Structures are given as structure tokens and as C-alpha cells.
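All ligand and atom numbering here is 1-based and tracks the order in the structure. Hydrogens, waters and symmetry mates play no part in the numbers below; they use all other heavy atoms, side chains included. Quick caveat, the model's predicted, so the values are computed rather than measured.
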Amino acid sequence: MPINTNTSLFPVLYSDILDSVQAVDPINYGLTRNYIDGAVSYLSPYISRGVISTKFVLSKVLDRGYNVREIEKFIQELAWRDYWQQIWIEKGDTINSDLKHAQLPVSNTLIPKAVFEAKTGINAIDNAIKEFYKTGYLHNHLRMYIASITCNVAGSHWKYPAHWMYYHLLDADWASNALSWQWVAGANANKKYVANQENINKYCSSEQQNTFLDIAYEDFSSLTTPNVLKETVQLGLKTSLPIANSIFIDNNLPTCIYNFYNLDPLWKKDELVNKVLLLEPSVFSEYPISQKTINFMLSLAQENIPNIQIYIGEFNNLVSTYNLSKEIIYKEHPLNKNYKGIQEPREWMFQVKGYYPSFFAFWKKCKKELLF
Ligand SMILES: Cc1cc2nc3c(=O)[nH]c(=O)nc-3n(C[C@H](O)[C@H](O)[C@H](O)COP(=O)(O)OP(=O)(O)OC[C@H]3O[C@@H](n4cnc5c(N)ncnc54)[C@H](O)[C@@H]3O)c2cc1C
């Protein structure tokens, strides 16, 4: 039975997802994307789950007749996603540690209790965290504000709070997540990102004053951690995978492996293959996700990929238990390093590959492929 998710903000039927792609307003996006009620696309849960690619989104938007120049901001933001993915591919697990510089200063390796409980006293942030627990989504600017007060005001090391956010995000993507947290904390950038109350009021339509962030930018260097952010908390972030059931494998057919990062309904759509959604406990133990995110993933798979079967266990166990003797096919991804079989490439917007120390060096090369 398909699992019902209540997320009207994030429908799971492929036809509805295509409607969301058609609804993108890339021109208004460029003008308003920094405002929390701006014309953002809400496509990240589908891109991160591998239902659609950045290339697919770009081609659908360009099909509507836009000139690349007028929608450059939108293309550039999509490119950020590919940029972080390329770093993950190139750097592997080293993205789990401070990438360019040690984050300094660090006073703790947990998360402020007030952030976790949505009680920082900054109304726009607290309201957003409460909503986040309900929807599994946060606007980009709010992610930056939250990371900034956590790392740069409360002095938490970025990694533990990044896992908290990843846990609750429907668009959980470890590259975008870990590397953005590091970017905010100055571990993957040459300076830290900070925002004051005036900035928050502007982009969140709030009018709050007299908070610990109600200061001028030059005063951030002498800002000490306010009492409200001092208490930290350890969270029991655990994944409850569904109960394992046995599956049926036709050993005369190849087996295609889907996973948390590949739920592409068009992949092998009309081919006679075994389709297995592989949920490896080792992956979810290292990168835990919430029940809401599990339900979202299962619904996307069950609603859009006919005959998909769910296997809970490690890749090697799948192969040995079902004696898989025909081809095993999967899409390239940094978390698939242990798979063995035929690896197919993912779709990218541009040919540019590899590690670029700055997004703008990467983007400069990408832009050459666009017909300006
Ligand atoms: C601390 C922090 C943590 C983040 N964690 C994640 C994460 O786990 N998963 C995730 O997908 N994104 C993450 N992001 C990036 C970004 O916030 C989201 O991709 C974006 O807010 C998703 O909303 P949207 O689809 O409405 O984006 P839109 O603004 O409509 O952008 C369109 C698409 O472009 C891509 N994109 C836009 N901005 C960024 C960005 N800054 N970095 C990477 N890709 C971008 C996304 O694929 C997005 O769907 C994080 C950012 C920060 C600052």
C-alpha cells in the first residue's frame, strides 16, 4: 500500500511534480528569491531525491522560450547544486571535515537547545523552525540564518547541527548540506556569513528589535554568545527503516538499483528488469533521516515506479541472498561506492566536472556552455 504523505506543498505524483516544474517563474525568481515569500521553486526535494535532474528543470524552463540571459540567476542557483555534488564526488568523505580552514572558534560540538526547540528569541527564525518540523522544508535564507547563529554566534561546530537539519529536510542532500554549513561557518569559505536583525526583518517581513542580532555588522566580531544560545543538547537522530519483507527477483532479468538519491521514474521505465529500492542501514546510520523523509521517499518510489520492491539491507546481502547473477545497474553517486555492477552516469547541466575551489570559477566555465 502506498504511504500517504500529507505534504500538499510537496505532492508525490510525477504528473504533479511536472506541473511544479512548469509553474517555475524564473524571472520573478531572480527578483524575489531572497525573500522568504519570494518566487522560489520548491523543487529541491525532487532534485535531491533524483526524481528530476537540474538539467531536466533547465531544459523544461528553456522550452518555454526564455532567453538564458534573463533567467541567469535561476540557472546559477541550479548550478550551485551541481557544484556541491561535484565537490562530493571529488573529495569523498573529506567533506565530513572542515574542508578549507578549521572552523574557529568552536565552543561545542552539539546544537544549541534553543535552536532545536525554536526558542532563540528571533521570531522569524523560531517560526521558521516550527514550520520546518511540519513541512520538511526551509527557505535558503533561513537555512543560512540558522547556520549562522548556530556556528557563528553560539560557536557550535557545523557538523552536528548539519545532521539535525539534514534529518528533517525532505531535500536532504549531504553535499549541499554539509558544504553550505561549512560555507556559513567559514570552514569552506574565506569568511563567515553573518546576518543582523535588520537583514532578517527585511527578508522575513518582520519588525523585531532589541534582539541579540540587533547590532551593526562591525559589532559581530565582539559579539559574545548570548545566554539563550549557551545550553546545548544531544539529539537521538535515528532512522526507523521499514520492516524488511522478502522480495521476488527474476534471475533471468537484470536488476536496477534505486536508492534515497535515485528515484527517477523515467530510468529504465519501459525495460523488463527487477527494480529494487535498496535501503542500506549503514548509510542511514551515518546519515539519519526522519520518518517524514522516509515516508516521502517511499511515496515517491511507490507512486511513480511501477513494480518497485523495497529491500532493507546492505548491497552485498542483496546480491548473496537473491543470488543476483544477471547485470546489476545503478546510477553513479558518492554513497554507492560499495555497489558492484554497471554504473551509469547522472545527468548534469554542464560538461564542467571536478573540484573548483570557488563557485564562481566553476560558474565561469559553465557559462561558456550557455549560448549568451
Ligand atoms: C545551511 C544550508 C543547508 C542546506 N542544505 C541543503 C540540502 O540538504 N539539500 C538541498 O537540496 N539544498 C540544501 N541547501 C541549499 C538550498 O537552501 C536549497 O537547495 C534551496 O533552498 C531549496 O529550495 P528551492 O527548491 O525552493 O530552491 P530554489 O531557490 O527555487 O532553487 C532552485 C534549485 O536550485 C538549487 N539550489 C538553489 N540554491 C541552492 C544552494 N544554495 N545550494 C545548492 N543548490 C541550490 C536547488 O536544487 C533548488 O531546488 C542548503 C543551504 C544552506 C545554506
Within the structure, is a non-hydrogen atom of [X] found at a distance of less than 4.0 Å from ligand 1?
X	result
Trp183	no
Val184	no
Met144	yes

Polar contact flag for [X] and ligand 1 (N/O pairs, less than 3.5 Å):
X	value
Ser48	yes
Glu77	yes
Asn140	yes
Trp80	no
Thr54	no
Phe74	no

Looking at [atom], what's its closest protein heavy atom, distance included?
atom	answer
atom 8 (O) of ligand 1	Asp173 N, 3.1 Å
atom 31 (O) of ligand 1	Tyr29 OH, 3.3 Å
atom 52 (C) of ligand 1	Ser180 CB, 3.3 Å
atom 6 (C) of ligand 1	Arg143 NH1, 3.2 Å
atom 5 (N) of ligand 1	Asn177 ND2, 3.2 Å

According to a 4.5 Å side-chain heavy-atom criterion applied to Ile, Leu, Val, Met, Phe, Trp and Tyr, with indirect links allowed, do Leu99 and Trp183 form part of one hydrophobic cluster?
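Same cluster: Leu99 reaches Trp183 through Ile, Leu, Val, Met, Phe, Trp or Tyr contacts under 4.5 Å.
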Which of the numbered atoms in ligand 1 are below 4.0 angstrom from a heavy atom of [X]?
X	value
Ile47	47 (O), 49 (O)
Leu169	5 (N), 7 (C), 8 (O)
Ala172	8 (O)
Leu43	25 (O), 49 (O)

Tell me the contacting part of [X] for ligand 1: side chain, backbone, both, or neither, using a 4.0 Å heavy-atom threshold, strictly below.
X	answer
Leu78	both
Asp171	both
Ser41	both
Tyr137	side chain

Trp84, Trp181, Tyr42: member with heavy atom nearest to atom 43 (C) of ligand 1
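The residue whose heavy atom sits nearest atom 43 (C) of ligand 1 is Trp84.
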Tell me which one of Pro161, Ser44, Ala162 gets a heavy atom nearest to atom 49 (O) of ligand 1.
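Nearest option to atom 49 (O) of ligand 1, by heavy atoms: Ser44.
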Using the rule side chain to side chain donor-acceptor pair (under 3.5 Å), only one of Asn177, Asp98, Thr150 pairs with Trp158; which is it?
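Going through Asn177, Asp98, Thr150 one by one, the side chain to side chain donor-acceptor pair (under 3.5 Å) with Trp158 is satisfied by Asp98 alone.
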Cation-pi check, Lys91 to Tyr355: give yes when NZ or CZ is under 6.0 Å from the six-membered ring centre and within 45° of the ring axis, no otherwise.
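Positive - Lys91 is close enough to the ring of Tyr355 and near enough to its axis.
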Could you tell me whether Arg49 and Asp171 have a side-chain N and a carboxylate O separated by less than 4.0 Å?
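Between Asp171 and Arg49 there is no salt bridge, as every charged N stays at least 4.0 Å from the carboxylate O atoms.
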Pair Asp126 + Lys119, salt bridge at N-O below 4.0 Å
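Answer for the salt bridge query: no.
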For Tyr137 and Phe132, I'd like to know if the aromatic rings sit close, meaning centre-to-centre distance below 6.0 Å.
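Here the rings of Phe132 and Tyr137 have centres that are no less than 6.0 Å from each other.
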Looking at the rings of Trp88 and Trp84, which for Trp means the six-membered one, are their centres under 6.0 Å apart?
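Not under 6.0 Å, so no.
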Under 3.5 Å, is there a donor on one side chain and an acceptor on the other for [X] and [Y]?
X	Y	answer
His139	Asp37	no
Asn336	Glu332	no
Asn259	Tyr339	yes
Gln309	Asn245	no

Derivation of the side-chain hydrogen bond (donor to acceptor under 3.5 Å, both in side chains) call for Glu344 and Trp267
CA-CA 11 Å; Glu344 297 192 350; Trp267 189 54; 3.0 Å; yes
Kindly say whether Asn34 contributes a backbone atom to a donor-acceptor pair with the side chain of His141 at under 3.5 angstrom?
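Looks like yes, one N/O pair under 3.5 Å.
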Would you check if the side chain of Gln182 reaches a backbone N or O of Lys100 as a donor-acceptor pair within less than 3.5 Å?
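Pair absent, no side-chain N/O of Gln182 close to backbone of Lys100.
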